[in-house]
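Quick notes on the structure that follows.
Here is how names work: the chains are called A, B, and so on, in the same order as the sequence lines, proteins then strands, and each is numbered from 1. Just the heavy atoms: all of them, side chains too, but no hydrogens, waters or symmetry mates, feed the values below.
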There are 2 protein chains.
Amino acid sequence: MDVRTLCLGALMGSEATGYEIRKMFEDGTFSHFQIASLGSIYPALTKLTQDGMVTFVEREQENRPDKKVYQLTSEGRRTFLRTLLQTRPGEDRYRSDILFMLTFAEELPVELTEALIDEFAARHEMTQIQIDPENPEKDNCPLAHGRDENGAPSPGCRFVAGLGQAMCEATLDFIRRNKDGLIEELRTRKDKKT
Amino acid sequence: MDVRTLCLGALMGSEATGYEIRKMFEDGTFSHFQIASLGSIYPALTKLTQDGMVTFVEREQENRPDKKVYQLTSEGRRTFLRTLLQTRPGEDRYRSDILFMLTFAEELPVELTEALIDEFAARHEMTQIQIDPENPEKDNCPLAHGRDENGAPSPGCRFVAGLGQAMCEATLDFIRRNKDGLIEELRTRKDKKT
DNA sequence: GGACGCATGTAAGTCGTTACATGATTCC
DNA sequence: GGAATCATGTAACGACTTACATGCGTCC
């Protein structure tokens, strides 16, 4: 899924600026399973405009730079849905430097191992908060992706968010149950070596 | 973490060919949290050889093409460990086309939604099997990464593998508990619209 | 004063994927 | 006969990241 398609998807819920789209991927609905940076979003929006998939309105703001609010065209909407129907979804890919590093825990100072696990846990707690569909979603993005006029999340979004929550929960739970044991085992092994 | 570092890590456990390294990432220990393709592994190994991080021995085989078996040099080992100590681990990134698509379940045919969920589940079942540290690890890779001379996985590897298992388990569990409800809800909504 | 949030955009460069090229063997 | 596994390698291409460029406002 290239950034163009991702942008179309982000605009399915409501109009948005490039900056807001990035936020959807950074802290919002999409945050735990897709990413996109501004450097790729802006060119994508330009291209989509050229192709007639989106239009934008320039909106002046007080005390803020002007912004371009993008909106799907019916052509864009159709194209996006067609893409969804035709695309065989790519494989999931999960990359984690921390897990890779933890794999070598035996070669690392125990303090580092512990710090890595703690950071891993902290990040997952963060994610858990970000994807909670019921709670805040902050103030902004009143009509963010997957919400109807009343702000209620769509079934698909609730499902995906719930799945994300479950994954985070399981991760945190596993760490709670196994961290101390691992640290202890590593300490014991180090002692034996000396 | 670039492919070079990943290759060094893969060679920490035992000597291996480029082909075998890819297998570690594709089906082995690393499979659920890192990936690398042959097109990036081979150039990486060439570069690492030039830099004195690895050496290789050409081994002739019967009924098989010759292979280059790579091995860490002590310099390579030191460099790798230094990298681990110095590198701030990058953020985890998880990308999933399927989850992205499921977010738009309301706009999709219910059959497609169901197929997507099933495929998601199937892939996670696959992963679960691949990362099981106790079980098969097939026949090959007798001294794969994270195993000592007796084939026992290191504590770090066991921890990471257990975490992966827990995540898969949670995912599959969530699907078991929520799939039918979602499908039903989508059907009801579609009925109402007509 | 400096960092951060809002806001857009470009350009250079990295990194990796995909596809191509080759070739023997084994299994269906 | 064709596909898959083992095995290595290159080259083109594409996609995204990073950094740069600009500028105002707010908060500490």
When you check the gap from the basic side-chain N to the acidic O, do [X] and [Y] get nearer than 4.0 Å?
X: A:Glu75; Y: A:Arg82; value: no
X: A:Arg189; Y: A:Glu106; value: yes
X: B:Glu169; Y: B:Arg176; value: yes
X: B:Arg187; Y: B:Asp191; value: no
X: B:Lys190; Y: B:Glu185; value: no
X: B:Lys179; Y: B:Glu114; value: yes

Respond yes when some side-chain nitrogen or oxygen of B:Thr17 is under 4.0 Å from OP1 or OP2 of D:dT8, and no when none is.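 So the side-chain polar atoms of B:Thr17 do come within 4.0 Å of the phosphate oxygens OP1 or OP2 of D:dT8, strictly under.
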Could you give the [atom1]-to-[atom2] distance, from [X] to [N], as a whole number of Å?
X: B:Glu20; N: D:dT5; atom1: CD; atom2: C1'; answer: 13 Å
X: B:Ile21; N: D:dC6; atom1: CD1; atom2: C1'; answer: 15 Å
X: A:Leu45; N: D:dC16; atom1: CG; atom2: P; answer: 13 Å
X: A:Arg22; N: D:dC16; atom1: CZ; atom2: C1'; answer: 15 Å
X: A:Glu60; N: D:dG23; atom1: CD; atom2: C1'; answer: 16 Å
X: B:Leu6; N: C:dG16; atom1: CG; atom2: P; answer: 8 Å
X: A:Arg93; N: D:dC16; atom1: CZ; atom2: P; answer: 11 Å
X: B:Glu26; N: D:dA7; atom1: CD; atom2: P; answer: 15 Å

For B:Tyr70 and A:Ile41, take the nucleotide of DNA chain D holding the closest heavy atom to each; which residue's nucleotide lies nearer the 5' end?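 Looking at the nearest nucleotide for each, B:Tyr70 comes out on the 5' side.
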Nearest listed nucleotide, side chain of [X], among [options]:
X: B:Asp2; options: D:dT10, D:dT5, C:dG16; answer: C:dG16
X: A:Arg95; options: C:dT17, C:dT8, D:dA7; answer: C:dT17
X: B:Lys67; options: C:dT10, D:dA7, C:dT8; answer: D:dA7
X: A:Tyr42; options: C:dA7, D:dT8, D:dC6; answer: C:dA7
X: A:Val3; options: D:dA7, D:dC16, C:dG9; answer: D:dC16

Donor-acceptor contacts, no H, no angles, side chain residues 32-45 of chain A, under 3.5 Å, sequence neighbours left out:
{"residue": "A:Gln34", "atom": "NE2", "partner": "B:Ser96", "partner atom": "O", "Å": "3.3"}
{"residue": "A:Ser40", "atom": "OG", "partner": "A:Ser37", "partner atom": "N", "Å": "3.4"}
{"residue": "A:Ser40", "atom": "OG", "partner": "A:Ser37", "partner atom": "O", "Å": "2.8"}

Check whether NZ of the Lys or CZ of the Arg A:Arg22 lies under 6.0 Å from the centre of the six-membered ring of A:Phe25 and within 45 degrees of that ring's axis. no
Between residues 31-40 of chain B and DNA chain D, which residues have a heavy-atom gap below 4.0 Å? B:Leu38, B:Gly39
Spatial distance of atom CD1 (A:Ile175) from atom CG (B:Leu163) [nearest 0.5 Å]: 6.0 Å
Counting any heavy atom closer than 4.0 Å, what does A:Thr46 reach on the DNA or RNA strands: base, sugar-phosphate only, or nothing?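 Counting heavy atoms under 4.0 Å across all strands, no contact is made by A:Thr46.
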May I ask whether B:Leu8 and B:Val69 are part of the same hydrophobic cluster, defined by side-chain heavy atoms of I, L, V, M, F, W, Y residues being less than 4.5 angstrom apart, directly or through others? no
Axis-to-axis angle between the two ends of the helix from C:dG1-D:dC28 to C:dC28-D:dG1 (five base pairs per end, rounded to 10 degrees): 50°
